[in-house]
Trainee: 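Quick one: the structure is below, and I'll ask about it shortly.
Order of the sequence lines fixes the chain letters, A, B, ..., with proteins taken first and strands second; residue numbering starts at 1 for each chain.
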Amino acid sequence: MQNHRWLRTPEGTTPRISFGADYNPDQWPREVWDEDVRLMKQAGVDVVSVAIFSWAKLQPGPDTWNFEWLDEVIDLMHANGIGVDLATATASPPPWLTTAHPEVLPVTAEGNVLSQGARQHWRPTSPVFREHALALVTKLAERYGSHPGIVAWHVNNELGCHNAYDYSDDAANAFRAWLIERYETIDGLNFAWGTAFWSQRYGSFDEILPPRLAASFPNPTQQLDFLRFSSDALIDHLTAERDVLNRITPDIPVTTNFMVVGETRHLDYDKMAREIDFVSNDHYVVEGRDELAFSASLTSGFARHRPWFLMEHSTSAVNWQPINRPKRPGELIRDSLTHVAHGADAVCYFQWRQSAAGAEKFHSSMIPHGGEDTRVYRDVVKLGGILQSLGDVVGSDRARADVAIVFDWEAWRGAELDSHPSEKLNYRREALEWFTALTELGIRVDVVPSAMDLDGYRLVIAPVLYAVPASLRDKLTAFVEGGGHLVTTYFSGIADENDHIWLGGYPGAFREMLGIRVEEFRPLWEDETVALSNGTTGSLWSEPIDIASDDVEVLLSYENEEELGAAVTRRPVGSGSAAYVSTRLGVAGLTHLLPALLEGAGVESELPAALRGKVELVTREGEGGRFEFYINRTDSFVDLPEGDYLYGATTLAPRGVAVRRA
Amino acid sequence: MQNHRWLRTPEGTTPRISFGADYNPDQWPREVWDEDVRLMKQAGVDVVSVAIFSWAKLQPGPDTWNFEWLDEVIDLMHANGIGVDLATATASPPPWLTTAHPEVLPVTAEGNVLSQGARQHWRPTSPVFREHALALVTKLAERYGSHPGIVAWHVNNELGCHNAYDYSDDAANAFRAWLIERYETIDGLNFAWGTAFWSQRYGSFDEILPPRLAASFPNPTQQLDFLRFSSDALIDHLTAERDVLNRITPDIPVTTNFMVVGETRHLDYDKMAREIDFVSNDHYVVEGRDELAFSASLTSGFARHRPWFLMEHSTSAVNWQPINRPKRPGELIRDSLTHVAHGADAVCYFQWRQSAAGAEKFHSSMIPHGGEDTRVYRDVVKLGGILQSLGDVVGSDRARADVAIVFDWEAWRGAELDSHPSEKLNYRREALEWFTALTELGIRVDVVPSAMDLDGYRLVIAPVLYAVPASLRDKLTAFVEGGGHLVTTYFSGIADENDHIWLGGYPGAFREMLGIRVEEFRPLWEDETVALSNGTTGSLWSEPIDIASDDVEVLLSYENEEELGAAVTRRPVGSGSAAYVSTRLGVAGLTHLLPALLEGAGVESELPAALRGKVELVTREGEGGRFEFYINRTDSFVDLPEGDYLYGATTLAPRGVAVRRA
Amino acid sequence: MQNHRWLRTPEGTTPRISFGADYNPDQWPREVWDEDVRLMKQAGVDVVSVAIFSWAKLQPGPDTWNFEWLDEVIDLMHANGIGVDLATATASPPPWLTTAHPEVLPVTAEGNVLSQGARQHWRPTSPVFREHALALVTKLAERYGSHPGIVAWHVNNELGCHNAYDYSDDAANAFRAWLIERYETIDGLNFAWGTAFWSQRYGSFDEILPPRLAASFPNPTQQLDFLRFSSDALIDHLTAERDVLNRITPDIPVTTNFMVVGETRHLDYDKMAREIDFVSNDHYVVEGRDELAFSASLTSGFARHRPWFLMEHSTSAVNWQPINRPKRPGELIRDSLTHVAHGADAVCYFQWRQSAAGAEKFHSSMIPHGGEDTRVYRDVVKLGGILQSLGDVVGSDRARADVAIVFDWEAWRGAELDSHPSEKLNYRREALEWFTALTELGIRVDVVPSAMDLDGYRLVIAPVLYAVPASLRDKLTAFVEGGGHLVTTYFSGIADENDHIWLGGYPGAFREMLGIRVEEFRPLWEDETVALSNGTTGSLWSEPIDIASDDVEVLLSYENEEELGAAVTRRPVGSGSAAYVSTRLGVAGLTHLLPALLEGAGVESELPAALRGKVELVTREGEGGRFEFYINRTDSFVDLPEGDYLYGATTLAPRGVAVRRA
């Protein structure tokens with residue numbers, strides 16, 4: 001994403017926030033298609049993703065192709081002003097392929113083969129699969145590259161959703177090649193992996209395997225490298241398809257849909273985002289207050305705050321959780337607009353028409369089983385209208401906040417490896433709790449990848465930053481010395497990029513900057529809490545902090561804990577400061593602590609006091625102006641300031657959204 | 001079971017309720033056999049099942065046979081007036097067979113092989129196993145077909161208890177053949193399975209596999225068909241053995257023991273019952289109030305209310321539950337007589353003498369480890385006497401009740417597939433709760449398979465009838481229009497026989513009849529309840545019901561739930577009515593609701609008010625008269641009406657039973 | 001361990017309690033070694049275990065050897081007066097070996113292979129592994145046998161920690177050979193395994209497999225024999241290495257480190273102890289009050305109360321539990337000295353210097369990540385000084401107590417097999433609760449293997465002694481008749497060595513001696529308790545006891561349980577007595593019951609009343625005198641009697657220890 005390229009649109013088109021869905025006409029009789037067009041136009045749909053799971057229909061056998069139906073679909077859409085985001089259709093191989101080539105099927109760590117019958121049963125590293133997939137992509141690019149109805153290429157689908165970790169022999173071969181590139185010599189690998197431990201020294205790269213089922217804890221650096229490799233293997237598949245597309249259809253932008261949601265962490269999306277023309281994301285509501293906003297903000301970070309494409313979300317219930325609850329009134333519109341607030345310039349659903357058969361038939365869609373005379377479809381039509389009223393927003397960036405939370409894939413992977421002080425540690429939850437606490441205080445916050453430039457932020461929070469290469473340590477040190485204010489927490493600065501401990505006392509990489517030293521971690525039992533001097537409590541983790549520098553200020557102490565002392569510290573460094581939080585404070589505790597940290601960094605809420613916590617404020621800014629999104633986080637009415645509202649008004653309904661020109 | 005054929009008995013024998021056990025003399029020294037005969041006669045035993053797990057003893061090697069011990073056992077039994085229900089001994093293959101032919105071993109969905117060392121480690125579809133099993137059956141039939149001591153053939157044992165689902169290549173081959181028979185063309189299958197979804201379109205039947213371990217949710221119709229196929233594969237084994245037996249010994253009736261108990265659902269027993277001369281069942285006490293009566297009533301339904309054989313139950317504790325509790329005083333006799341009340345004309349146990357070794361040595365039996373001087377054996381002797389006093393009951397049918405609960409294998413399989421609105425939904429529990437609530441109100445109720453004729457029932461309850469082919473929809477509609485009263489519940493009428501949704505709004509198949517329409521399901525969180533207008537609560541599930549017809553009566557509404565309205569509705573249809581319950585009411589809630597439904601259907605309790613809920617009333621009726629069984633559901637004494645008692649009297653002990661001639 | 005042989009020491013050395021650690025210099029740069037020596041001397045270290053996981057470094061390829069670094073390490077240690085306990089380095093095979101010979105990798109019961117990448121991925125029965133391991137041992141013995149710095153051989157490491165149960169074809173072959181030795185004929189095996197049950201009769205040993213994944217419960221005697229075989233296979237590996245060492249270096253004693261801790265039960269350590277010169281143990285703090293003392297006492301039992309070597313424990317937190325808590329102040333020293341009290345004459349840690357990389361880098365050590373300026377290292381130095389002050393204790397035996405708890409591997413294995421009355425039964429927990437209750441009452445107690453001579457004990461407690469061969473029954477009967485007092489509990493005396501029930505009523509083997517008879521077990525639901533006549537409660541289990549002899553005294557009865565009567569009985573037998581406890585009393589209940597049992601046996605506490613329960617008293621006795629260890633079990637100060645203290649004084653700190661010459 002060196003150069004942001006958005007959907008192709010015919011010249012002279014009024015900018016609009018695109019609206020649509022995955023569209024699977026191949027699952028319905030022809031007569032339904034005309035009905036679809038009528039309803040799409042009624043709802044204001046202008047973009048659909050087509051052919052995502054159509055491989056078996058497009059290529060019914062090794063040498064048989066069937067494109068006529070797709071020709072007709074694309075023509076039909078184009079004739080009705082609906083752009084097609086055309087999938088490369090490689091997401092799931094057809095039965096004839098896995099029958100002829102069972103060697104494309106993924107293998108689990110235990111050695112069991114993942115069979116056909118569901119979806120995404122292919123090894124990312126299979127040469128056979130790659131060959132067949134690229135042949136299909138080539139056919140599609142050649143046939144549709146010149147069709148004016150194609151607005152973008154949609155590579156594969158949710159890469160790695162089910163096949164991220166493959167332990168097959170193909171994977172072993174590719175892993176070895178990846179390791180040779182990373183380490184060059186076997187001695188380099190032996191050092192990085194610490195193979196002197198447990199008699200693991202390798203004589204050559206040929207002896208290396210993925211971390212298959214083992215008798216005890218597999219080598220942690222091997223595990224880390226396998227996670228990195230598995231991500232790179234999927235990115236390699238993406239770029240292989242992209243290269244075919246770029247070669248044949250250089251004018252059509254290429255994207256693929258991320259899954260920035262919940263605990264999904266198999267892919268390094270910041271790295272992946274660099275390989276496509278614009279970021280797309282699939283987001284489904286999962287447990288966790290403010291999780292949607294957090295994920296949308298992080299997606300925006302991957303997009304470097306440029307507009308992105310919300311490729312999938314749901315109008316109501318999904319089908320894959322243990323209990324699938326429909327959305328409450330207002331949530332359909334609020335959820336979509338929250339993504340828009342965080343930078344989405346396209347709002348699409350999975351899927352247009354609810355399936356009558358198959359594994360996802362209880363997943364909601366724009367047209368439910370009940371048809372057009374339903375609450376869901378009426379809300380969809382309403383949303384279509386709202387999006388058309390937000391044309392001025394299109395193309396604007398998400399405006400940078402004063403506060404950033406660093407969210408780092410390497411820290412996430414590293415912090416949750418096995419044989420650590422506590423298996424209860426949850427990297428993402430800690431970051432999300434900081435996000436929620438800031439939102440409770442009415443503070444706008446960006447969630448940013450560690451590779452992003454931090455200049456301009458007043459306060460940067462880097463929770464549980466376990467893995468810290470020297471370069472990242474230096475970057476954060478420079479940020480602080482240059483006047484920035486940094487907060488980090490327990491289990492940060494522990495290891496380098498090889499998962500080797502920064503020796504001398506914790507948090508090794510930041511010990512000097514923070515002016516403290518920790519000798520041992522003291523994780524807490526599952527239901528245990530520790531009292532703090534301001535009346536709040538810590539959970540999950542605690543640490544006895546030794547103060548190593550006279551200028552360290554103790555912001556919070558442990559109470560009644562003979563073995564513990566300071567809990568939260570801050571030290572002036574250069575023209576900035578570095579603070580440390582040694583326990584999990586949770587949203588309530590953070591809401592108590594944050595005012596002092598914010599004040600120290602000179603950050604104030606942009607909201608009137610009465611609105612803080614009740615609404616989430618998100619701002620976009622571009623040539624068309626500056627736009628404030630007010631998102632009601634409560635089930636009550638909220639009064640907003642007067643102003644020029646593109647959507648909504650000063651009385652904000654429960655779960656409602658308003659957009660004001662600032 | 002086109003023609004009900006009961007045990008062979010010598011001419012002139014007085015009819016009696018048969019009494020006995022699985023008898024395994026091959027596990028004991030010869031001198032114990034004489035002791036066995038003495039005690040059997042003391043206890044009134046007149047039938048035993050022999051040789052169930054004797055394959056390895058009968059055929060110690062591929063070409064070696066050893067029948068002398070069995071000759072002696074059968075002669076000994078016959079000489080002492082004890083009939084032999086002779087097993088075909090094919091339940092578990094001997095080690096020499098699995099050593100020579102490991103290809104008979106079942107394979108799990110993950111691809112792991114089930115090894116020897118326990119029991120039932122054979123593929124139902126293995127040609128090799130089939131050949132060896134039928135050779136053994138032929139030998140037994142030829143040798144014992146003319147022995148007057150044989151009263152029935154006992155095919156195999158608890159078919160599918162451990163090997164119901166086999167994913168081997170043999171299974172794949174047989175599954176393909178089954179699918180060709182069902183669908184004829186691959187297009188037919190592609191339509192039924194909805195393979196346009198997720199790129200699953202098959203080019204030929206050769207590409208199809210069982211639903212082995214997959215990366216995501218396997219195709220639901222494939223799953224359903226695999227469940228159906230797996231049941232049919234076991235039934236095919238049954239009929240293969242039966243055909244050998246019928247050919248060689250046409251005069252000896254053939255049965256096999258079902259497992260109608262708890263969650264056991266691998267076999268379609270209503271289909272299976274059609275292939276044997278009389279129904280047999282194994283029942284063990286599992287969790288769930290009234291579960292025993294419910295299962296016995298359902299067994300009677302499979303037997304079309306003709307007498308059936310209780311082939312196995314326990315005198316006290318079993319060995320296979322996490323915690324195995326012995327029966328309390330009275331329960332041994334009460335449990336047995338409850339089965340008799342529901343139609344059992346034979347009462348047998350697993351097993352005669354408690355094992356000293358092996359996996360089931362802590363399973364209770366008629367002769368415990370402690371020998372004859374034990375409470376269990378004394379109760380056994382007492383029960384033998386009681387059964388002899390009930391001779392008049394023999395041959396009578398279970399008398400039809402006014403109320404029926406439809407229990408349907410297709411609905412059970414379909415309703416609990418994955419990727420549904422709630423994984424907490426439990427088909428059987430819902431049916432059982434209706435059964436218990438009716439019993440609490442003193443109402444007799446039949447549990448009937450959906451294939452049974454519903455004529456004559458006033459009220460039919462069809463809970464969670466998820467899967468509804470057009471024929472079943474028409475049958476129920478005709479029932480209502482003909483004056484019947486139907487109640488159905490949440491998640492009913494959803495899909496057809498291909499698991500395709502009945503479109504247009506839920507409950508599709510019954511929407512018009514019920515005069516309602518539901519757009520979305522609203523399953524409840526695990527501990528969540530919703531308040532109802534009569535003060536009871538719903539759990540598990542809720543639905544916002546739209547009333548689509550003016551003549552719909554709202555019986556119950558949701559309270560304080562802004563998004564919900566009517567909870568229970570009823571609509572007059574033809575000369576009957578159709579009611580709908582949109583949440584799980586549980587036993588307490590159903591007990592509140594049912595009086596209105598019963599009154600509408602003109603159903604009244606046959607019990608005096610003081611006895612309702614305290615006793616379960618079950619009635620049998622035949623040439624010998626009409627017999628009322630009063631079963632004490634409480635731990636207190638209960639006063640019964642005066643009358644002619646075959647067993648018991650007007651004072652019913654805690655956990656006691658009395659039988660009155662009506 | 002026919003002849004106890006301790007570490008080699010230079011003549012004229014003052015006896016001392018050895019002190020040290022696993023030392024892995026091969027994981028650190030050369031310059032660190034000199035720092036190590038400086039700190040070892042500062043801490044008083046005089047012994048280190050070297051090369052445990054150095055195979056890959058010592059033998060980098062099939063024909064390449066690299067001993068120079070080890071030469072230097074040993075010389076360096078020796079030059080500084082630090083003895084080397086030299087490992088045979090066979091604990092974990094190097095990658096080149098498993099690459100060339102994947103057939104050495106263990107296989108799970110499900111058939112999955114345990115891959116390389118962690119440690120101990122070798123089949124105990126692999127001829128290929130054995131050959132390579134013994135070649136390495138031979139090389140080491142030849143090279144270092146004459147080095148004066150070697151004080152002992154350390155065979156392999158924690159045998160069976162991860163590879164105890166292997167179901168491979170190698171294991172199948174070895175299992176058959178083991179069974180032929182045990183049973184001689186296949187008829188003998190068929191009888192012992194009870195194969196008449198479930199058609200399991202074997203025609204020859206060739207048909208036998210390990211109890212791999214089966215369709216149902218595998219044969220229990222097969223399971224038992226596989227557990228025994230698996231233990232013997234590991235012992236066979238030990239003796240194979242030992243025989244090489246004894247042949248080449250007859251003067252150097254041989255040991256291997258046990259894992260007597262928590263639920264670790266894969267090896268019969270009492271059998272294993274007979275094969276080595278002195279017992280070594282690895283112990284880590286796990287859940288369970290007094291677990292450390294219990295395990296140390298049992299270790300002393302395996303050592304027949306002669307001194308043993310504490311080969312591994314931790315200075316603070318470990319890394320392999322779900323939540324790894326550091327030790328509290330005082331615990332480092334208290335834990336070590338508790339082992340000394342129970343007979344340890346050497347105190348070593350895993351490990352000397354905390355790893356910077358690898359799977360155990362968060363495991364504490366003598367030199368933490370923080371270096372020498374840490375609380376842990378300062379405590380280590382302090383402990384080194386204390387151990388030097390206890391020189392008089394060296395070589396003394398652990399003094400026999402009046403009370404013994406029999407802890408029996410066969411009972412443990414047998415009692416917890418599947419398909420038993422309750423899967424909640426926990427053999428070790430019951431034994432530990434008796435230990436804690438006795439300690440609460442201030443009574444010293446020995447935990448002894450059943451093979452130990454019981455002469456001299458007044459009271460022997462044999463909880464849950466499920467498996468009782470006739471010889472053990474006779475031994476315990478003789479003990480009682482000779483004046484001993486025996487207590488046994490629920491689920492004791494049930495089966496013989498073949499897991500065949502002792503018929504006639506429970507507890508079969510002891511029924512006559514106890515004068516009682518139990519017909520059925522009545523296990524309790526998970527949270528259920530039963531009230532007892534003294535106000536305490538039972539849990540887990542209950543039994544209705546029939547009194548069969550007039551001289552049986554009922555010590556406790558069940559309250560309010562209609563079906564139950566006596567709960568605890570005692571009967572005079574010969575000049576002793578035999579008592580029976582039919583429920584789990586727990587520590588509180590046992591503390592109430594024990595005074596009566598102790599009084600009957602004439603056992604009194606050796607502690608002043610004020611100290612009982614507050615301190616654990618352990619006594620050692622030898623040529624140097626008699627030494628009382630007082631271990632503070634509380635978090636408060638405790639006043640001790642005046643006397644001659646080798647360490648500590650009359651005021652005992654929280655979690656402190658004092659050693660008095662008696």
Trainee: Report which part of Gln354(B) has an atom under 4.5 Å of a heavy atom belonging to chain C: side chain, backbone, both, or neither.
Mentor: side chain
Trainee: Heavy-atom distance under 4.5 Å to chain C: side chain of Pro93(B), backbone, both or neither?
Mentor: backbone
Trainee: What residue, out of Gln120(B), His162(B), Lys57(B), has the most heavy-atom pairs lying under 4.5 Å from chain C?
Mentor: His162(B)
Trainee: Under a 4.5 Å heavy-atom cut-off, does chain C meet the side chain of Ser115(B), its backbone, both or neither?
Mentor: both
Trainee: Quick check on Tyr183(C): does its OH atom have over 12 non-hydrogen neighbours (other residues, nucleotides or ligands) under 6.0 Å away?
Mentor: yes
Trainee: What's the separation between atom CG in Asn112(B) and atom CZ in Arg212(C), rounded to the nearest 0.5 Å?
Mentor: 12.0 Å
Trainee: Does Glu184(C), at its CD atom, have more than 12 non-hydrogen atoms belonging to other residues, nucleotides or ligands within less than 6.0 Å?
Mentor: no
Trainee: Roughly how far apart are Phe362(B) CZ and Phe521(C) CZ, rounded to 0.5 Å?
Mentor: 5.5 Å
Trainee: To the nearest 0.5 Å, what is the distance between CG (Asp546(C)) and CZ (Arg375(B))?
Mentor: 4.5 Å
Trainee: Which region of Gln116(B), side chain (C-beta onward) or backbone (N, CA, C, O), has a non-hydrogen atom less than 4.5 Å from a non-hydrogen atom of chain C, or is it both or neither?
Mentor: both
Trainee: Looking at Arg325(B) and Glu528(C), is there a salt bridge between them, counting it only when a charged N and a carboxylate O are closer than 4.0 Å?
Mentor: yes
Trainee: At what distance, to the nearest 0.5 angstrom, does OG of Ser316(B) lie from CD of Glu520(C)?
Mentor: 3.5 Å
Trainee: Over 60° means perpendicular and under 30° means parallel, so tell me whether Phe53(B) and Trp198(C) are parallel, tilted or perpendicular.
Mentor: tilted
Trainee: Determine yes or no for a side-chain-to-main-chain donor-acceptor pair under 3.5 angstrom, with Arg522(C) supplying the side chain and Lys327(B) the backbone.
Mentor: no
Trainee: Can you tell me which of Pro218(C), Gly508(C), Pro220(C) forms the most heavy-atom pairs within a distance under 4.5 Å of chain B?
Mentor: Pro220(C)
Trainee: Would you sort out whether Val113(B) and Leu213(C) count as a side-chain contact (heavy atoms from CB on, under 4.5 Å), showing the intermediate values?
Mentor: CA-CA 7 Å; Val113(B) 174; Leu213(C) 178 68; over 6 Å; no
Trainee: So how far is it from Ser199(C) OG to Asn157(B) CG, rounded to the nearest 0.5 Å?
Mentor: 11.5 Å
Trainee: Using a cut-off of under 4.5 Å for heavy-atom pairs, which of Asn498(C), Ile208(C), Leu503(C) has the most such pairs with chain B?
Mentor: Leu503(C)
Trainee: Under a 4.5 Å cutoff for heavy-atom pairs, which residue among Arg511(C), Gln200(C), Gln222(C) has the most contacts with chain B?
Mentor: Gln200(C)
Trainee: If you compare all heavy atoms of Ile323(B) against all heavy atoms of Lys424(C), which two are closest, and at what distance to 0.1 Å?
Mentor: CD1-CG, 4.0 Å
Trainee: Write down the atom of Ala359(B), the atom of Ser419(C), and the distance for their closest heavy-atom approach.
Mentor: O-OG, 2.9 Å
Trainee: Considering only heavy atoms, which portion of Val318(B) lies under 4.5 Å from any heavy atom of chain C: side chain, backbone, both, or neither?
Mentor: neither
Trainee: Rounded to the nearest 0.5 Å, how far does CG of Leu209(C) lie from OG1 of Thr99(B)?
Mentor: 6.5 Å
Trainee: With a 4.5 angstrom heavy-atom cut-off, is it the side chain or the backbone of Pro368(B) that approaches chain C, or both, or neither?
Mentor: neither
Trainee: What part of Pro211(C) lies closer than 4.5 angstrom to a heavy atom of chain B: side chain, backbone, both or neither?
Mentor: neither
Trainee: Highest number of heavy-atom pairs under 4.5 Å with chain B: which of Gly505(C), Pro421(C), Ser422(C), Gly111(C)?
Mentor: Pro421(C)
Trainee: Give the ring-plane orientation class for Tyr506(C) versus His369(B), where under 30° counts as parallel, over 60° as perpendicular and anything between as tilted.
Mentor: perpendicular
Trainee: Answer yes or no: are there more than 12 heavy-atom neighbours, outside Glu512(C) itself, under 6.0 Å from its atom CD?
Mentor: no
Trainee: May I ask you to decide whether Asp26(B) forms a salt bridge with Arg201(C), counting only side-chain N to carboxylate O separations under 4.0 Å?
Mentor: no
Trainee: Could you tell me which portion of Trp525(C) (side chain, backbone, both or neither) has an atom closer than 4.5 angstrom to a non-hydrogen atom of chain B?
Mentor: both
Trainee: Nearest heavy-atom pair of Ala357(B) and Gly194(C): which atoms, and what distance?
Mentor: CB-CA, 4.3 Å
Trainee: Quick one: which of Ala192(C), Ser204(C), Ala214(C), Ala495(C) has the most heavy-atom pairs under 4.5 Å with chain B, could you say?
Mentor: Ala214(C)
Trainee: Give a yes or no on whether Glu68(B) atom CD has more than 12 heavy-atom contacts from other residues, nucleotides or ligands under 6.0 Å away.
Mentor: yes
Trainee: Counting only heavy atoms closer than 4.5 Å, note whether Thr221(C) contacts chain B via side chain, backbone, both or neither.
Mentor: neither
Trainee: Pick whichever of His420(C), Gln223(C), Glu519(C) has the most heavy-atom pairs under 4.5 Å with chain B.
Mentor: Glu519(C)
